[in-house]
Amino acid sequence: MKISLFNTMGRKIEEFVPREAGRAGLYCCGMTVYNFAHIGNMRTYVFEDILRRALEMAGYEVRHVMNVTDVGHLTSDADEGEDKMIVAMRREGKTAHQIAEFYTDAFFRHADMLHIARPHVVCKATEHIPEMIAQVERLEANGLAYRAGGNVYFDIEKFPSYGDLAGLDMENLQAGARIEVDKAKRNEHDFALWFTQSKFENQEMIWDSPWGRGYPGWHIECSAMSMKYLGEQFDIHCGGIDHVPVHHTNEIAQAEGATGKKPWVRYWVHGEWLVMGEEKMSKSKGGFVTVDTLVERGYDPLALRYFCLQAHYRQQLGFSYDALDGAATALSRLRENVLALRKETGGTAAELGDDHPALAEFQAYLADDLNVPRAMSVVWNTLRSDRAAAEKLALVYRFDNVLGLGLEDYEPPREEIPEQVAALVEERLAARKAKDWATADALRKRLADMGYALKDTAEGTTVTKHS
RNA sequence: GGCGAGGUACCCAAGUGGCUAAGGGGGAGGUCUGCAAAACCUCUAUGCACGGGUUCGAAUCCCGUCCUCGCCUCCA
């Protein structure tokens, strides 16, 4: 199984060839933990999780690293606006550390609910300040950084390939199209590596540095930490599409500027937005829906995962509750199918050769720049095929190693049935036995009004809550 | 102003030159059932924003038009 990926650097699909045979180094940009992750954020992590699982299915030993940015980022590169962490502190009356810890925990709780595998390394920005300082010092030593107005800036004039990732046209880029340009910069597109000049009182997240007490720039944490855990050059770096023009562009400049080695990263892979209606989901517009919101509305979090699997990662995906309902229904049918197959086979899946045609088809789609929607169609076509039940079961389990829907471990929820309800069910059973259909149906209706649905099967009547 | 992504059925969404335009949801019909529910089966775009063009052949390539979204502040 050879995997091809769309490399943002170069904008074309390339076969994945790791630096070291059999191993894949994967760095995924994580959250800035000043608020909950919304489902748009989570879509990107689902995509990255699929990428990791696909690499594993292809036989690579994956080392998956993700950062947690727990140091405040200003709302603007011009040292204006407010620090997000400080806004959160004021909003919630907590310390920066408490804010970061709370939202970090919330993020991983949500990720777990979506069956997003934990990265092998989760690194916090605040625990890597020395590494960041060291990288800024390297940049200074290489003549790529300068001090001005108390801050340290990266000098993009000294890095000719700046902007290659995004295809930026530096001549026509309008800095300050929406913000004030920092007057201390030599070039308006230079970006800060280290700040000592802060407008904010009670800026509690500051550290000593060769340039004075301050805090790091917005991009340095990812280049410093990814290099610490994956080496000065590594295989794959991913994140949301928004990272292309600024964050990753700056990371490349910092990393390659510090080490002098190119390319720093072999494959850049970016996920598209989840959009609400016609707009991208964000805090200021388009609503703010979290995994918890979905749970409160009665959804299984995995319905969101299933929903994400229906679209290609490089296409915007239009979210609506109608569409999510569709995914939730499809997921429960998939589970019903698995339960039926288990029953038919006694739970024993067939032995499966690695060259099984259905598996090969599934993998071929996956290997083609993660065409998961197509891979999903293989799942359904397999279920509908005339293959033996044990074979289908084995295939579905194998598919699910990548899909991550937890099908092998799925058990229907055991409902706690109140005595009163149980009594009515018994009463109805008696009526049915007596073929008193009118009474039986009336009781069924009454139970339905109470929120309990009945299923009369060959093995007896089952009761489920809700629906 | 610059750059990028799109417009495929009622909804979500694959497909980028060639058999009958994946798959899921929804809807319709059917099997099963005392009737239901669940599950399963069948059907559901002679059509791919619009207008031209290239080609034996286009949703797919080219030109033009209309529309939507994103980025150029931090953002997944």
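All chains are named by letter (A, B, ...) in the order of the sequence lines, taking the proteins before the strands, and each is independently numbered beginning at 1. The figures that follow rest on heavy atoms only: side chains count, while hydrogens, waters and symmetry mates do not.
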Which whole-number value in Å describes the distance from A/Leu302 CG to B/G24 P?
20 Å
Output one line per pair: protein atom, nucleotide atom from nucleotides 20-23 of chain B, and distance, for all N/O pairs under 3.5 Å.
unit_1, atom_1, unit_2, atom_2, d
B/A22, O2', A/Arg374, NH1, 3.3

Only one of A/Phe36, A/Phe108, A/Tyr45 passes side-chain contact (heavy atoms from CB on, under 4.5 Å) with A/Met31; say which it is.
A/Tyr45
Grab the CG-P distance between A/Leu339 and B/C40 for me, whole Å please.
12 Å
With a 3.5 angstrom cut-off on both distances, give the Watson-Crick or G-U wobble partner of B/C40, or none if there isn't one.
B/G30
Are A/Trp218 and A/Phe195, when compared by the centres of their aromatic rings, separated by less than 6.0 Å?
yes
Assigned partner base of B/A45, Watson-Crick or wobble definition, under 3.5 Å
none
Per atom distances to the A/Asn371 side chain, the nearest of B/A76, B/C12, B/A14 is B/A14
Students often get this wrong, so: under 4.0 angstrom with heavy atoms, is A/His243 touching a base, only sugar-phosphate, or nothing?
sugar-phosphate
Would you call A/Asp368-A/Arg374 a salt bridge at under 4.0 Å N-O?
no
Atom CG of A/Leu114 and atom P of B/A76 are separated, to the nearest Å, by 16 Å
Mapping A/Tyr313 and A/Asp456 to their closest nucleotides on RNA chain B, which lands nearer the 5' end?
A/Tyr313
Tabulated below should be each protein N or O lying under 3.5 Å from an N or O of nucleotides 5-7 of chain B; please produce it.
unit_1, atom_1, unit_2, atom_2, d
B/G6, OP1, A/Gln315, NE2, 3.2

With rounding to the closest Å, how many angstrom separate the C1' atoms on B/C63 and B/G1?
25 Å
For RNA chain B, whose closest nucleotide is more 5', that of A/Ser332 or that of A/Arg444?
A/Arg444
For B/G26, does either OP1 or OP2 sit under 4.0 Å from a side-chain N or O belonging to A/Arg333?
yes
Identify which one of A/Arg52, A/Arg118, A/His120 satisfies the side chain to side chain donor-acceptor pair (under 3.5 Å) criterion when paired with A/His64.
A/Arg52
Name the pairing partner of B/C69, where a pair is Watson-Crick or G-U wobble with both distances under 3.5 Å, or state none.
B/G4
One thing to verify: whether A/Arg297 and A/Asp325 come together as a salt bridge, which I'm taking to mean a side-chain N less than 4.0 angstrom from a carboxylate O.
no
What is the distance, rounded to the nearest whole Å, between atom OH of A/Tyr299 and atom C1' of B/C12?
13 Å
Aromatic ring proximity, centroids under 6.0 angstrom, A/Trp194 and A/Tyr215
no
Counting Watson-Crick and G-U wobble pairs only, both distances under 3.5 Å, name the nucleotide matched with B/U20, or none.
none
Round to a whole Å and report the spacing from CG of A/Leu334 to C1' of B/A39.
14 Å
Which nucleotide, if any, forms a Watson-Crick or G-U wobble pair with B/A9, using both distances under 3.5 Å?
none
Which heavy atom of A/Cys29 sits nearest to which heavy atom of A/His248, and what is that distance?
SG-NE2, 3.3 Å
Here the ring pair (Phe, Tyr, Trp, His ring centres under 6.0 Å) pairs for residues 384-403 of chain A, sequence neighbours left out, are A/Phe362-A/Phe399
If you look at every strand shown and take non-hydrogen atoms under 4.0 Å, does A/Asp322 touch a base, only sugar-phosphate, or nothing?
nothing
Starting from C1' on B/C72, measure out to CG on A/Asn187 and report it in whole angstrom.
14 Å
Of all the choices, B/G70, B/A13, B/C74, which nucleotide is nearest to the side chain of A/Trp218 once you look at every atom?
B/C74
Between A/Asn337 and B/A38, does any side-chain N or O lie under 4.0 Å from OP1 or OP2?
no
A/Asn151 (side chain) donor-acceptor with A/Thr196 (main chain) under 3.5 angstrom:
yes
Where the side chain of A/Thr290 meets the backbone of A/His38, is there a donor-acceptor pair that is under 3.5 Å apart?
no
